[in-house]
Amino acid sequence: MAYVRWSRYFLPTWKEEPAEADLPSHKLMLRAGLIRPLAAGIYTYLPLGWRALRKVEAIVREEMDAIGGAELHMPVVHPAELWAKTGRLVDAGEILIRFQDRAGREMVLGPTHEEVVTDLARREIQSWRQLPLMLYQIQTKFRDEPRSRGGLVRVREFTMKDGYSFHEDLADLDRYYPEVYQAYLRIFRRCGLATVPVEADSGMMGGTGSHEFMLASEHGEDTFVRCEGCGYAANREGAVAAKDADLDEALRAVEEVATPGCETIEAVARALGVPTSKTAKAVFYRAAGEVVFVVVRGDLEVNEAKLARVLGAGDLRPATEDDIRATGAVPGYASPIGVTGARVVVDDSIAGARNLVAGANREGFHLRNVNFGRDFQASVVADVALARDGDRCLRCGGTLRVERGIELGHIFKLGTKYSQALEATFLDREGRARPLVMGCYGIGIGRLLAAVLEAHHDRDGIVWPGSVAPFHVLVAVLNPKEPEPLAYAASVAEHLAQAGLDVLLDDRERTAGEKFHDAKLLGIPVLAVIGPRGLRKGEVDLERRRDGARTPVRASLDVIATSVQDMLRAESS
RNA sequence: CGGGGCGUAGCGCAGCUCGGAAGCGCACCUGCUUUGGGAGCAGGGGGUCGCUGGUUCAAAUCCAGUCGCCCCGACCA
């Protein structure tokens with residue numbers, strides 16, 4: 001393997017912070033010459049970025065192969081007709097980029113490949129003897145996201161590892177799913193990332209289980225909940241928390257009180273001198289053409305994902321004032337008592353509380369001592385509240401923490417949604433045709449690369465984990481204009497490359513200072529400095545990026561090679 | 001899609017309030033001197049001020065529209 005000469009490579013670095021970037025990973029990718037933007041959420045990978053991406057891909061490939069995955073490559077362009085069959089031409093909506101080919105056929109760019117892979121399975125899988133099967137690819141996806149952000153954290157065109165498994169029944173999917181789960185943990189760990197697997201909302205997909213792999217990061221765009229005690233973790237949409245019931249109080253008689261100008265829970269609670277947890281909050285939504293009246297304890301917020309699941313509705317949006325008035329409720333003073341013309345969803349926090357303050361359905365008035373069951377009824381009682389930081393864990397009673405994170409992977413028990421829609425069946429052991437049971441598993445490769453940088457950088461630049469570093473060692477010649485040091489550095493680079501290392505030789509005619517700064521910016525694990533000072537003493541300096549530790553070693557090719565390899569081994573352990 | 005910000009040389013920015021010769025730093029090119037932590041001197045090249053229209057004797061600057069990018073939110077199979 002040959003080494004790369006920087007002077008003939010394409011590796012532009014920036015001294016200044018780019019104005020367009022906020023996230024550390026985004027700034028570093030631009031400054032260290034990994035990526036360049038073309039349009040919103042669409043990037044070119046420069047040679048160095050592409051190298052790093054391929055390192056990540058190689059790890060993903062190894063781990064997928066290790067759990068029996070067979071790599072294939074499906075098309076980017078799909079006939080829209082296939083998407084119409086599963087209903088996702090409409091459901092995937094605006095993220096699907098659509099166009100016509102010259103014959104006027106409707107086409108889409110694939111945002112994911114359930115349709116295509118299921119179509120393939122329909123044609124090729126006939127018998128239970130062909131199962132189970134895991135197919136995966138590492139391929140370009142396009143999703144016309146409403147908003148890209150954070151460099152490679154959320155883009156429109158991206159590289160994704162998407163895998164799809166096929167099983168004869170749910171039991172076999174249940175058996176295989178944990179293997180993928182473990183493979184995912186290994187992939188992220190090998191990339192130097194400690195991820196948190198969180199239970200994800202299986203939502204409208206109707207599956208039986210789903211996990212997201214989150215990297216905790218203040219710059220993450222997702223929110224998840226983690227228990228300090230038992231390790232329970234779930235994404236915000238699905239997280240459950242204990243709600244202390246307080247049913248000891250005796251029921252008191254309802255009493256109307258004047259609360260002029262108190263249109264928020266905080267104002268009411270303050271005016272009446274009660275904690276917000278002793279109030280009932282009314283929140284209105286419109287779903288599937290009807291108005292929904294949701295009642296939660298005043299100190300809680302409605303979790304719209306949970307509510308949508310309870311209602312079985314996909315199109316949840318806040319109700320208008322007119323919607324609210326149509327139910328007979330008075331905005332700001334809404335009461336669940338005597339409401340008609342709306343479905344009433346009561347959070348279980350309300351069912352577990354006594355003598356609450358609620359609206360009186362009369363401008364400027366509230367009611368004291370309102371009790372669920374006695375004073376009002378519900379269409380549904382369910383958990384529709386958002387878990388909060390500091391809440392108690394339902395499982396162990398420990399403390400729940402709300403954290404931000406970057407979602408690196410998502411695995412999903414799909415069931416038969418796609419196989420049924422596309423009639424992908426096989427003959428089981430009894431000779432009956434049954435739909436294939438499927439799982440799907442995704443990792444955003446570029447996002448994973450961005451996450452590596454979020455987790456591995458310092459003030460001066462990137463600090464690559466050895467496993468995904470675009471090069472293992474950077475050989476810097478401080479005076480490349482002089483023939484002997486350059487020739488010597490080239491022989492060092494050559495020797496290191498022969499030893500199986502990825503070597504970048506900085507033979508640019510730049511000042512020593514620039515080379516040292518760029519070396520830190522690039523973050524290659526080991527820097528070998530070849531300069532006149534060291535050479536006079538018969539030494540080459542090795543510098544470890546992680547902690548800046550410098551070791552002079554004898555300037556002999558074999559000594560340098562072993563020393564570099566020792567340092568790299570120490571890196572990866 | 002709602003809110004906010006920004007478009008002036010490759011990058012970072014000033015100039016715009018109050019219209020009157022397009023600037024600064026870095027980078028780049030040439031030469032010389034430097035060469036172990038972003039060197040010095042001298043010389044030089046590079047800009048339809050995002051775009052369109054309007055006001056004006058005169059527009060980077062004022063007005064209208066439009067496009068693009070970034071951030072917050074909504075959304076996120």
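We use all heavy atoms of the structure for the numbers below, so side chains are in, but hydrogens, waters and symmetry mates are not. Naming convention: chains lettered A, B, ... in sequence-line order (proteins, then strands); numbering from 1 in each chain.
A straight line from CD of A:Glu16 to P of B:C24 spans 16 Å, rounded to a whole angstrom. Between A:Asp22 atom CG and B:C6 atom P the separation is 15 Å, expressed in whole Å. The distance from atom CG of A:Asp222 to atom P of B:A74 is 12 Å, rounded to the nearest whole Å. Going from atom CD of A:Glu221 over to atom C1' of B:A74 covers 13 Å, rounded to whole Å. We find that CD1 of A:Ile95 is positioned 15 Å from P of B:C75, with the value rounded to whole Å. Rounded to whole Å, atom C1' of B:C76 lies 15 Å from atom CZ of A:Phe142. Summarising the geometry, the separation between NE2 on A:His26 and P on B:C11 is reported as 14 Å, rounded to the nearest angstrom. Distance, A:Glu304 CD to B:G73 C1': 13 Å, rounded to whole Å.
In a base pair of the Watson-Crick type (N1 to N3 plus N6-O4 or O6-N4) or a G-U wobble (N1-O2 and O6-N3), with each distance short of 3.5 Å, B:G46 is matched with no nucleotide. Using N1 to N3 plus N6-O4 or O6-N4 for Watson-Crick, or N1-O2 and O6-N3 for G-U wobble, each under 3.5 Å, B:G2 pairs with B:C72. Of the nucleotides present, B:C13 is the one that pairs with B:G23 by Watson-Crick or G-U wobble criteria, both distances under 3.5 Å. Using the Watson-Crick or G-U wobble rule with both distances under 3.5 Å, B:A39 pairs with B:U33. B:C18: no Watson-Crick or G-U partner with both key distances under 3.5 Å is found in any strand. B:A64 and B:U52 make up a base pair, with Watson-Crick or G-U wobble contacts both under 3.5 Å.
Using atom P as the reference point in both B:U66 and B:G23, the two lie 33 Å apart (nearest Å). A gap of 11 Å separates the C1' atoms of B:A9 and B:A27, to the nearest Å. If you take atom C1' in B:C51 and the same atom in B:U8, they sit 14 Å apart, rounded to whole Å. Nucleotides B:C28 and B:G15 have their C1' atoms positioned 24 Å apart, rounded to a whole Å. Taking atom P on both nucleotides, B:A22 is separated from B:G47 by 14 Å, rounded to a whole Å. With both ends at atom C1', the span from B:C41 to B:G50 equals 38 Å, rounded to whole Å. B:G10 and B:U17: their C1' atoms are spaced 31 Å apart (whole Å). Rounded to whole Å, the separation between the P atoms of B:G36 and B:C49 comes to 44 Å.
The residues A:Arg122 and A:Asp119 are annotated as salt-bridged, a charged nitrogen and a carboxylate oxygen being separated by less than 4.0 angstrom. Look at A:Arg5 and A:Asp507 and you find a salt bridge, because one of the NZ, NE, NH1 or NH2 atoms lies within 4.0 Å of a carboxylate O, short of that distance.
Ring geometry for A:Phe213 versus A:Phe188: interplanar angle of 30 to 60°, hence tilted. Using bins of under 30°, 30° to 60° and over 60° for the plane-to-plane angle, the ring pair A:Tyr184/A:Tyr441 lands in the perpendicular bin.
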*Classify every nucleotide of nucleotides 27-41 of chain B by which part a protein heavy atom approaches to under 4.0 Å, writing B for the base, S for the sugar-phosphate alone and - for neither, in 5'-to-3' order.*
-------B-BBBB--

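A donor-acceptor contact closer than 3.5 angstrom is absent between the side chains of A:Asn303 and A:Glu237. Checking A:Glu514 against A:Thr511 by side-chain atom types alone, a donor-acceptor pair falls below 3.5 Å. A donor atom on one side chain and an acceptor atom on the other are not found under 3.5 Å apart for A:Glu115 and A:His78.
Using a 4.0 Å heavy-atom distance criterion, A:Gly150 is classed as a sugar-phosphate-only contact. Residue contacts shown for A:Glu17 are limited to sugar-phosphate atoms, with no base heavy atom under 4.0 Å away.
In the set B:A74, B:C70, B:G12, the nucleotide with an atom closest to the side chain of A:Ala40 is B:C70.
A distance of 10.5 Å separates CG in A:Leu135 from CG in A:Asp162, rounded to the nearest 0.5 Å.
Between B:C70 and A:Arg147, no contact under 4.0 Å exists linking OP1 or OP2 to a side-chain N or O. Under 4.0 angstrom from either OP1 or OP2 of B:G73 there lies at least one side-chain N or O belonging to A:Arg149.
Listed for the A:Lys306 side chain is a donor-acceptor partner under 3.5 Å among the backbone atoms of A:Ala385.
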